[in-house]
Structure formats: C-alpha cells, structure tokens
Trainee: 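Below you'll find the structure I mean.
From a predicted model like this one, the values you see are computed outputs, not experimental measurements. FYI, the numbering just counts along the sequence from 1.
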Amino acid sequence: MSHFRNSLAIALFFWLSAVTATEQIDIYIRDDVYEDYLKFVDGRDVLSITEFNSPYLRRDVADMVVLQQALALGGFTKKFNYIPGKVNFRNTKMLENGELLLSFDSYWLTDAKAIADKIYISDPVIKKGQYLAGLFASPNNKKVFAVTSVGQLAELTAVSTPKWQTDWQTLSTLPLKQLVREDEWLSQARMVHMQWVDFMLMPLFNAPSGHYQLEKIHLKMVPKLAVLLNDSRHFVISRNHPQGKAAFSALNSGLKQLRASGKIELIYTRAGFLVDHAQYNILNTPKTVD
C-alpha cells in the first residue's frame with residue numbers, strides 16, 4: 001500500500017509540474033526593450049497601471065503594455081514568461097509554425113498580410129497615417145544634422161531591411177545616395193553609430209535631448225525632422241498555437257475597449273510616439289489618417 005501511495009504521490013507531483021509549466025507562455029523579447037519595460041513597470045502590476053509618465057516608456061514598451069492590458073480585458077488570463085535576447089526574424093518562423101503564441105512587438109500590416117495564412121491579425125493599434133519616424137544618426141555626424149529639406153538626402157546613406165516592407169519602401173522613395181541592407185536591428189544601429197551609414201529611422205520617443213544609448217551605441221535624433229511611414233501596425237497571433245484562437249478573440253475585444261476609453265492614444269502619446277504632425281518637418285508627403 002505504501003508503494004502505491006508513493007507511486008501516486010510521484011505521479012501527482014509530475015502532473016502538477018506539467019500543469020504549472022503550461023500556465024506560463026514563453027515570449028521572446030529583445031533584451032533592450034525588456035530592460036526598459038522592467039524599468040517602466042517598476043514592480044507594479046502591468047494590468048493595473050493607469051499612470052504612464054516615464055522616460056522608459058517608448059513605442060515598443062507601449063506595445064507590451066497595450067497588448068497585455070487588452071488581453072486581460074478580453075478575458076485571456078494566461079501568464080507570460082519573458083525570454084530576453086537578440087531577437088531576430090526567427091520569431092516570425094516560430095509564429096508561423098505555432099512555437100510562439102504572439103509577438104509583443106506590433107507588425108506593419110504589409111508584413112503581416114504576407115503571412116496571413118499562418119497568423120491572426122488584430123485590429124490596428126497604430127492607425128495608418130499616425131506613424132512618424134525620426135532620423136537617428138551619430139551625434140558627431142554633422143551633415144545629417146544640417147538637413148532641412150528632402151533634397152539634401154542625396155548626400156546621405158541610410159540603412160534598413162526589406163523584411164520591414166513599409167520602412168524599406170518608404171526609404172526607397174527618398175532621394176538617398178544609397179540605401180544599405182542590414183537585416184539585424186542591432187547591427188543597423190551599430191553601423192550608424194560608427195558612421196559607416198549616415199542614418200536610420202526609429203520611432204519618436206520621450207526624450208527631450210533626442211539621445212538614444214544602448215551599450216556602446218550612441219545615436220541622436222535630428223530635431224523636428226521626420227518621415228511618415230504610411231501603414232498601420234497590428235499585433236499578430238499564431239494560428240497554429242493551441243492558445244491562438246482564444247488569445248486573438250480576447251485581444252480584439254480588449255483593444256476595442258482600450259480604444260473606446262482613449263487609453264491607446266494616451267499610452268502612445270505618453271511614450272512620445274504620437275505627436276502633433278504640424279510640429280515636424282515631414283520629408284515625404286503626409287497622408288490623411290484613416
């Protein structure tokens with residue numbers, strides 16, 4: 001009898017361990033984004049945060065906050081286990097085959113549509129016409145900071161990747177000296193820091209000085225100069241993940257509630273991302289917000 005009880009106890013232990021393991025869903029996140037996310041949250045429950053003034057809240061951190069609050073509002077209660085690292089386009093393949101539930105970094109609609117048979121695409125979190133990107137360069141690159149008109153870009157080089165179709169297509173329409181391809185974001189930033197390339201596009205963020213620093217990389221935004229990336233951004237969820245359908249239903253429900261309350265606009269505005277377009281010299285022709 002004691003042998004039976006021991007066997008039952010062992011079986012129960014492993015069953016409980018398996019249940020506990022499935023309660024959390026692994027999410028891969030770029031390490032610098034995760035560091036700023038932790039600084040922004042600062043020990044608070046992310047689901048209950050209503051005060052968003054923080055120097056650590058930027059567009060990709062705002063994505064994390066919006067996504068989690070929307071999922072919770074929609075009734076999706078699974079917990080996430082964040083795995084930080086040098087995230088790359090491997091994540092898209094993991095989404096397609098169901099190894100990854102969702103991306104905490106929103107996708108351009110153009111990019112999402114390319115894999116629409118493998119993913120669910122949420123309602124827009126950033127509407128078409130809202131996304132202004134800043135020109136970021138080494139603070140020592142004087143020719144970039146002298147730019148005031150689109151014609152002056154003919155003397156400059158930029159870096160991006162065609163895997164971000166909206167970024168690449170937008171930069172391709174500008175009269176650049178050269179558009180360099182580099183698929184890894186960190187390598188792009190390093191190239192600009194080293195002045196091997198003149199500038200890259202990055203989201204506007206909440207830093208009056210315009211400085212962006214990551215490890216030894218130091219970039220600075222050209223003041224009041226921007227490029228319109230004329231596409232909407234959406235969260236994507238794997239169709240092949242066992243929790244995919246439930247997460248997608250909850251997410252869209254929650255996003256509608258956040259949108260109706262004005263919270264989406266508030267969070268991205270506090271992040272310094274949503275700005276008054278009239279205050280910027282937009283180098284390409286702006287379009288009306290849908």
Side-chain angles (χ1 to χ4, degrees), residues 21 24-47 49 52 54-69 71 78-97 99-108 111 125-126 133-134 136-139 159-161 163-164 167 181-194 196-197 199-207 209-221 233-238 241 267-268 270-273:
Q24 289 196 332
I25 297 174
D26 287 345
I27 294 291
Y28 296 89
I29 195 80
R30 208 173 74 209
D31 45 10
D32 63 297
V33 177
Y34 186 57
E35 288 172 13
D36 278 353
Y37 169 76
L38 291 179
K39 291 174 183 175
F40 166 73
V41 172
D42 193 24
R44 297 175 292 176
D45 176 6
V46 67
L47 303 182
I49 294 176
F52 302 102
S54 169
Y56 303 109
L57 184 63
R58 54 198 236 204
R59 196 274 302 166
D60 32 23
V61 173
D63 276 359
M64 293 183 70
V65 175
V66 169
L67 181 51
Q68 290 179 89
Q69 292 199 357
L71 285 169
K78 297 289 183 181
K79 303 297 182 184
F80 297 106
N81 175 43
Y82 294 113
I83 304 174
K86 301 294 188 290
V87 173
N88 55 35
F89 292 99
R90 174 180 62 91
N91 274 17
T92 297
K93 290 297 182 186
M94 295 178 72
L95 281 166
E96 290 182 47
N97 62 29
E99 293 178 73
L100 186 66
L101 172 62
L102 49 79
S103 172
F104 266 69
D105 189 12
S106 56
Y107 272 50
W108 290 117
D111 296 332
V125 64
I126 297 168
F136 283 75
S138 163
V159 61
S160 186
T161 171
K163 293 188 176 183
W164 302 328
D167 302 63
R181 174 174 180 163
E182 170 52 55
D183 290 343
E184 297 292 341
W185 182 88
L186 188 61
S187 296
Q188 293 177 15
R190 190 174 289 116
M191 291 168 72
V192 176
H193 167 77
M194 298 295 293
W196 298 338
V197 179
F199 74 90
M200 64 188 295
L201 298 181
M202 288 173 52
L204 304 179
F205 70 106
N206 195 16
S209 66
H211 288 274
Y212 176 83
Q213 290 185 275
L214 174 64
E215 299 172 352
K216 295 181 180 180
I217 295 171
H218 184 192
L219 305 178
K220 186 179 180 182
M221 184 177 69
R233 288 187 73 89
H234 305 249
F235 294 118
V236 298
I237 295 177
S238 174
H241 192 282
I267 293 172
Y268 287 105
R270 291 286 186 267
F273 171 74

Trainee: Evaluate the side chain to side chain contact (heavy atoms under 4.5 Å, CB included) criterion for residues Val192 and Ile217: first the C-alpha distance (whole Å), next the side-chain angles of each, then the deciding distance (0.1 Å), finally the verdict.
Mentor: CA-CA 9 Å; Val192 176; Ile217 295 171; over 6 Å; no
Trainee: Taking all non-hydrogen atoms of both residues into account, name the closest pair between Phe273 and Pro203 and its distance.
Mentor: CD1-CB, 4.0 Å
Trainee: Using the test side chain to side chain contact (heavy atoms under 4.5 Å, CB included), find all partners of Asn81 that sit at least two apart in sequence or belong to another chain.
Mentor: Gln24, Asp26, Ile83
Trainee: I need the Arg30 CZ to Leu214 CG distance, nearest 0.5 Å.
Mentor: 7.5 Å
Trainee: Between Phe235 and Val66, is a side chain to side chain contact (heavy atoms under 4.5 Å, CB included) present by the stated rule, with each step listed?
Mentor: CA-CA 10 Å; Phe235 294 118; Val66 169; 4.1 Å; yes
Trainee: Would you indicate whether the side-chain heavy atoms of Tyr268 and Arg59 approach each other to under 4.5 Å?
Mentor: yes
Trainee: Is any side-chain heavy atom of Ile25 closer than 4.5 Å to a side-chain heavy atom of Lys79?
Mentor: no
Trainee: Roughly how far, to the nearest 0.5 Å, is the CG atom of Leu201 from the CE atom of Met221?
Mentor: 12.0 Å
Trainee: Indicate yes or no: does Arg58 engage Asp32 in a salt bridge with an N to O separation below 4.0 Å.
Mentor: yes
Trainee: Using modelled atom types and a 3.5 Å cut-off, is there a donor and acceptor pairing between side-chain atoms of Glu182 and backbone atoms of Glu184?
Mentor: yes
Trainee: Without swapping roles, check the side chain of Gln69 against the backbone of Ile49 for a donor-acceptor pair under 3.5 Å.
Mentor: yes
Trainee: What's the separation between atom NE2 in His241 and atom CG in Leu101, rounded to the nearest 0.5 Å?
Mentor: 5.0 Å
Trainee: Could you tell me which residues satisfy side-chain hydrogen bond (donor to acceptor under 3.5 Å, both in side chains) with His193, sequence neighbours excluded, listed by chain and number?
Mentor: none
Trainee: Which residues satisfy the side-chain hydrogen bond (donor to acceptor under 3.5 Å, both in side chains) test with Arg190, sequence neighbours excluded?
Mentor: none
Trainee: Under the salt bridge (charged side-chain N to carboxylate O under 4.0 Å, His left out) rule, collect the residues that match up with Asp111, sequence neighbours excluded.
Mentor: none
Trainee: Atom OG of Ser103 and atom CE of Met94: how far apart are they, to the nearest 0.5 Å?
Mentor: 11.5 Å
Trainee: Using ring pair (Phe, Tyr, Trp, His ring centres under 6.0 Å) as the criterion, list what pairs up with Tyr34, not counting sequence neighbours.
Mentor: Tyr82
Trainee: Check Pro139 against Lys220 and note the closest heavy-atom contact, atom names and distance.
Mentor: CG-CB, 4.1 Å
Trainee: Say whether, by atom type as modelled, one donor and one acceptor occur between the side chain of Arg44 and the main chain of Val41 under 3.5 angstrom.
Mentor: yes
Trainee: So do Tyr28 and Leu100 actually touch side chain to side chain, heavy atoms under 4.5 Å?
Mentor: yes
Trainee: Using the side chain to side chain contact (heavy atoms under 4.5 Å, CB included) criterion, which residues pair with Gln213? Sequence neighbours excluded.
Mentor: His218
Trainee: Just to verify, what does Asn206 make a side chain to side chain contact (heavy atoms under 4.5 Å, CB included) with, not counting sequence neighbours?
Mentor: none
Trainee: Between Asp42 (side chain only) and Leu38 (backbone N and O only), is there a donor and an acceptor less than 3.5 Å apart?
Mentor: no
Trainee: Let me see the working for Leu102 and Leu71 under side chain to side chain contact (heavy atoms under 4.5 Å, CB included), right down to the final yes or no.
Mentor: CA-CA 11 Å; Leu102 49 79; Leu71 285 169; 4.1 Å; yes
Trainee: Looking at Ser238 and Leu95, would you say the former's side chain and the latter's main chain have a donor-acceptor pair under 3.5 Å?
Mentor: yes
Trainee: Mind checking ring pair (Phe, Tyr, Trp, His ring centres under 6.0 Å) for Trp185 and listing every partner two or more places apart, or none if nothing turns up?
Mentor: none
Trainee: Would you give the length of the straight line joining atom CD1 of Ile126 to atom NE2 of His234, rounded to the nearest 0.5 angstrom?
Mentor: 9.5 Å
Trainee: Quick one: CG on Leu57 to NZ on Lys39, what's the gap to the nearest 0.5 Å?
Mentor: 14.0 Å
Trainee: How would you list, by chain and number, every residue that makes a salt bridge (charged side-chain N to carboxylate O under 4.0 Å, His left out) with Asp167, sequence neighbours excluded?
Mentor: none
Trainee: Contact between Val159 and Trp196 at the side-chain level, heavy atoms closer than 4.5 Å - yes or no?
Mentor: no
Trainee: Any non-hydrogen side-chain atom of Ile29 less than 4.5 Å from a side-chain atom of Met64?
Mentor: yes
Trainee: Are Phe199 and Leu219 close enough, and set up right, to give a side chain to side chain contact (heavy atoms under 4.5 Å, CB included), and what steps lead you there?
Mentor: CA-CA 9 Å; Phe199 74 90; Leu219 305 178; over 6 Å; no
Trainee: Does a side-chain heavy-atom distance below 4.5 Å link Asp63 with Phe104?
Mentor: no
Trainee: Can you name the residues that form a salt bridge (charged side-chain N to carboxylate O under 4.0 Å, His left out) with Arg233, not counting sequence neighbours?
Mentor: Asp105
